[in-house]
Amino acid sequence: MAVTSSGPRVNFAAPRGFAKTFKSKFKETLFPDDPFGGIRNEKPARKSFKTLQYFVPVFEWFPKYNFSKFRFDLLAGITITSLAIPQGISYAKLANLPPIIGLYSSFIPPIIYTVFGSSKHLAVGTVAACSLLLAESIGEKVNVKENPDLYLHLIFTATFFTGIFQTGLGFLRLGILVDFLSHSTITGFMTGTAVIICLQQMKGMLGLKHFTSKTDVVHVLKAIFHNRNEWRWECFLVGLAFLIFLQFTRFLRNRKPKLFWVSAMAPMVCVAVGCIFAFLAPVEKHGIQIVGELKRGINPLSLKHLNFDPEYLPTTIKTGVVTGLIAMAEGIAIARSFAITKNEQIDGNKEMVAFGFMNILGSFTSCYLTTGPFSKTAVNFNSGCKSQMSNFVMAICMMLVLLFLAPVFKYTPLVVLSAIIMSAMIGLINYNEIIHLFKVDKFDFCICIAACLGVSFLTMETGLILSVGLALLRALLYVARPATCKLGKIPNSELYRDMEQYPDATGVSGILALQIGSPIYFANSNYIRERTLRWIRDEESLSESKSNTVEHVLLDLSGATAIDMTGIETLMEIRRTLTARDIKFGIVNPRIEIMDKLTLANFVDVIGKDSVYLSIDEAVEASRFSLGTAKQDDAAS
């Protein structure tokens, strides 16, 4: 064994059995947070209750709830209701839905989230990006003006499939799929979405009656200028005034964070002022359109309206999956970002289940897709919410609005809703983050721009696919071309590090120490073999003048997490090639999974246990001793 007698030894234990290995991998893949680790030794009754608390979080936080927390949640719930009313109406119009559907969507879903949600700060509701994506996807199949009832029923059906998709991913612990929507992809997608939504709101700002159903920049601009004979300056001035007011309140909030409530109440103030203005003045004579009739009453059942006609099923399923994925990524990312500020953890899989139940039950009760919007969550957080109860308070407030106040909002001018949406979207265009991506990582910047331009000039789905495709291409490049480096010893230490990163590090003549920083398997095996041989050629070309050749190659596998049969065969080929050239081959610190497979494949027996080392320092010292012995033998002969 290639270790000193007094030092630690490499563990050559018998390989673990398949059952134990599979259990370990399964647990790490689906339960990386080990949610049931603390209840293994509990009594059955206690274990059952803890399991119930895990799957239904309200049983965990509500027993500890008190009136002191409720005071904060009551204030937060009332505050986010003031934002939910104008946003609900606005985003419903964005999705080409009756405005009352937006209000319905802020009643039932928040109640469901109160029970199943794990985030204390997330405030649920409709979002602009998914509203527009629903309108675009369903609108391609059914014209909302020609058949509004069928359009509405397909929206409910798509929402149902969104819920099924999200719940399935949550129960199967497949939250890892959301990680494929990288930060760069989400940034670019939201920026592109904000641009096209802002442009689409020019219909309301200019009082246009005819407009395109397309969402890309080119078609929208064509529609704006093609219908310039419908432009109404009165409508534009009113909308501009409200937009300036809303942007001023956002500016005030940024300058003085304690005045966040001013910005939170501003949309509701705009709606109230707009309703009074429209009620007192004949605004429709000047081209300022209003929302129209809003029925009083809580959500009617819509289960019977779900449409599973084979003609529309592919559209509703595709729309449900795509919007569900975007809604999950946005909601979970927002929940995690606010949880971090309080040093708390969010379980993405539990959030998926909560979102899924929200949308399944929502589709049964005249709601469309809901998730956790940033603006509403930020207001909830800044209002001092202490638990999920703030969502329940919002739901109760919304119920009172639906029962008693809904008809009042029929006077809301559409131009006010356009101003509210434009103000919210301007806040989503994160110039600083895009510039930061350009400075730090050019490839991430390209991923972001691909999403932004794809959404803006093609379609939302195309932009998302382009961005995710580039991100996956990058991941494949990382896998197929793993990082390898030549190791050298840091002066006055026993540490071996990358010689390119640490120019002062020195190697040992005749010994080449290399490090691999990725799994070794079929996708990169050929590259690892060729790169290793090239390292040897480069080393020998540099040492020709010294009449010195490489006699030992040490492969540090500390950074390699896994290996397959192709990878093992590659190591065999490398060893055979080196043996033919009279170069000795050793491996350093293989991880347990790799060691199990190398033992089962008899690779350890082939190279010998004395060629497996615990550390680079030990391997170099053993190889140096071998070099010295060989030279002494040569001199004696």
message: If I compare all heavy atoms of Ile326 with all of Cys130, which pair ends up nearest, and what's the gap?
response: CG2-SG, 4.2 Å
- prompt: Mind checking whether Val401 and Phe409 have side chains closer than 4.5 Å, heavy atoms only?
  reply: yes
message: Is it the case that the side chain of Ser363 and the backbone of Ile360 share a donor-acceptor pair, with hydrogens and angles ignored and the cut-off at 3.5 Å?
response: yes
- prompt: Cation over ring, Lys350 on Tyr54, under 6.0 Å and within 45°?
  reply: yes
Gap between atom CG of Leu94 and atom CG of Asn96 - 0.5 Å precision: 7.5 Å
query: Judged by atom type as modelled, is there a donor-acceptor pair below 3.5 Å linking the side chain of Arg296 to the main-chain atoms of Leu403?
result: yes
query: Between the side chain of Asn359 and the main-chain N/O of Thr162, is any donor-acceptor distance below 3.5 Å?
result: no
message: Can you give me the closest heavy-atom contact between Cys397 and Ile78, atom names plus distance?
response: SG-CG1, 4.1 Å
- prompt: What distance do Thr377 atom OG1 and Phe374 atom CZ have between them, rounded to the nearest 0.5 Å?
  reply: 8.0 Å
field: Sub-4.5 Å side-chain heavy-atom contact between Phe70 and Phe67
entry: yes
message: Do Met460 and Phe189 make a side-chain contact, defined as non-hydrogen atoms from C-beta onward lying under 4.5 Å apart?
response: yes
- prompt: Got a donor-acceptor contact below 3.5 angstrom from the Thr319 side chain to the Ala158 backbone?
  reply: no
query: So how far is it from Ser390 OG to Leu122 CG, rounded to the nearest 0.5 Å?
result: 9.0 Å
task: Taking atom CZ of Phe279 as the centre, report whether more than 12 heavy atoms of other residues, nucleotides or ligands fall under 6.0 Å from it.
output: no
- prompt: So, the side chain of Gln53 versus the backbone of Phe59: is there a donor-acceptor pair under 3.5 Å, distance only?
  reply: yes
- request: Compare all side-chain heavy atoms of Val321 with those of Phe161 and state whether any distance is below 4.5 angstrom.
  value: no
statement: Looking only at heavy atoms, the pair that brings Ser118 and Ile346 closest together is O-CD1, 3.8 Å
message: Show, in sequence, the C-alpha distance, side-chain angles and deciding distance for Thr126 and Leu369, and conclude whether the side-chain contact (heavy atoms from CB on, under 4.5 Å) test is met.
response: CA-CA 6 Å; Thr126 56; Leu369 189 147; over 6 Å; no
Ring centers of Phe156, His305 separated by less than 6.0 Å: no
- request: With the side chain counted from C-beta on, respond yes when Phe211 and Ile224 share a heavy-atom pair under 4.5 Å apart, and no when they do not.
  value: yes
query: Going through the checks in order, is the side-chain contact (heavy atoms from CB on, under 4.5 Å) test met by Ile420 and Val271?
result: CA-CA 9 Å; Ile420 291 172; Val271 169; 3.8 Å; yes
message: Go through it in stages, so that I can follow the logic: the residues are Asp347 and Arg173, the test is salt bridge (charged side-chain N to carboxylate O under 4.0 Å, His left out), and I'd like the CA-CA distance, side-chain angles, deciding distance and then a yes or no.
response: CA-CA 10 Å; Asp347 187 337; Arg173 309 288 296 180; 3.7 Å; yes
- line: Tightest non-hydrogen contact, residues Gly125 and Lys376, listed as CA-NZ, 3.6 Å
message: If you apply the rule side chain to side chain donor-acceptor pair (under 3.5 Å), what do you find for Ser119 with Glu351, and how did you get there?
response: CA-CA 8 Å; Ser119 171; Glu351 289 297 285; 5.2 Å; no
- request: Tell me, yes or no, whether the heavy-atom count around Lys120 atom NZ, taken from other residues, nucleotides or ligands under 6.0 Å, exceeds 12.
  value: no
message: Let's go through Thr79 and Ser82 carefully: what are the C-alpha distance in whole Å and the side-chain angles of both, what is the deciding distance for side chain to side chain donor-acceptor pair (under 3.5 Å) to 0.1 Å, and is it a yes or a no?
response: CA-CA 5 Å; Thr79 305; Ser82 68; 5.8 Å; no
task: Take atom CE of Met265 as the centre, draw a 6.0 Å sphere, and report whether it contains more than 12 heavy atoms from other residues, nucleotides or ligands.
output: no
task: Compute whether any side-chain donor of one residue and acceptor of the other, for Ser423 and Gln247, lie under 3.5 angstrom apart.
output: yes
task: Please assess Phe165 against Met328 for the test side-chain contact (heavy atoms from CB on, under 4.5 Å), listing each intermediate value before the final yes or no.
output: CA-CA 10 Å; Phe165 174 66; Met328 280 191 303; 3.8 Å; yes
message: Side chains of Trp261 and Thr249, heavy atoms from C-beta outward: is any pair under 4.5 Å?
response: no
task: For residues Met205 and Val415, determine if any side-chain heavy atom of one lies less than 4.5 Å from a side-chain heavy atom of the other.
output: yes
message: Measuring from atom CD of Gln200 to atom CG of Asp216, what distance do you get when rounded to the nearest 0.5 angstrom?
response: 9.5 Å
- line: For Pro99 and Lys93, the nearest pair of non-hydrogen atoms, with its separation, is CG-CD, 3.7 Å
query: Hey, are Ser182 and Thr185 close enough side-chain-wise for a donor-acceptor pair under 3.5 Å?
result: yes
Test side chain to side chain donor-acceptor pair (under 3.5 Å) applied to Tyr151 and Asn143, step by step: CA-CA 7 Å; Tyr151 178 86; Asn143 190 305; over 6 Å; no
query: Taking the side chain from Ser105 and the backbone from Tyr368, do they hold a donor-acceptor pair closer than 3.5 Å?
result: yes
field: Spacing of CG belonging to Asn391 relative to OH belonging to Tyr113, to within rounding of 0.5 Å
entry: 7.0 Å
field: Side-chain donor/acceptor of Gln388 to backbone N/O of Gly117, under 3.5 Å
entry: yes
message: Whether the side chain of Ser137 engages the backbone of Leu134 through a donor-acceptor N/O pair (distance < 3.5 Å, no angle test) should be reported.
response: no
task: Output yes when Glu60 and Lys50 qualify as a salt bridge under the 4.0 Å nitrogen-oxygen rule, no when they do not.
output: no
- prompt: Is the backbone N or O of Asn307 less than 3.5 Å from a side-chain atom of Thr157, with the two atoms forming a donor-acceptor pair by type?
  reply: yes
task: Take Lys342 and His121 through the side-chain contact (heavy atoms from CB on, under 4.5 Å) test and state the conclusion after the steps.
output: CA-CA 10 Å; Lys342 295 291 186 178; His121 311 113; 3.7 Å; yes
statement: Heavy-atom closest pair (Ile80 atom, Gly77 atom, distance to 0.1 Å) is CG1-O, 3.3 Å
- request: Please tell me if the side chains of Leu472 and Val468 come closer than 4.5 Å, counting only heavy atoms from C-beta onward.
  value: yes
field: Residues, nucleotides or ligands: over 12 heavy atoms within 6.0 Å of Trp61 CH2
entry: yes
query: Could you give the distance from CG (Leu74) to CZ (Phe392), rounded to the nearest 0.5 Å?
result: 12.0 Å
message: Checking the side chain of Asn299 only, and the main-chain atoms of Thr365 only, is there a donor and an acceptor separated by less than 3.5 Å?
response: yes
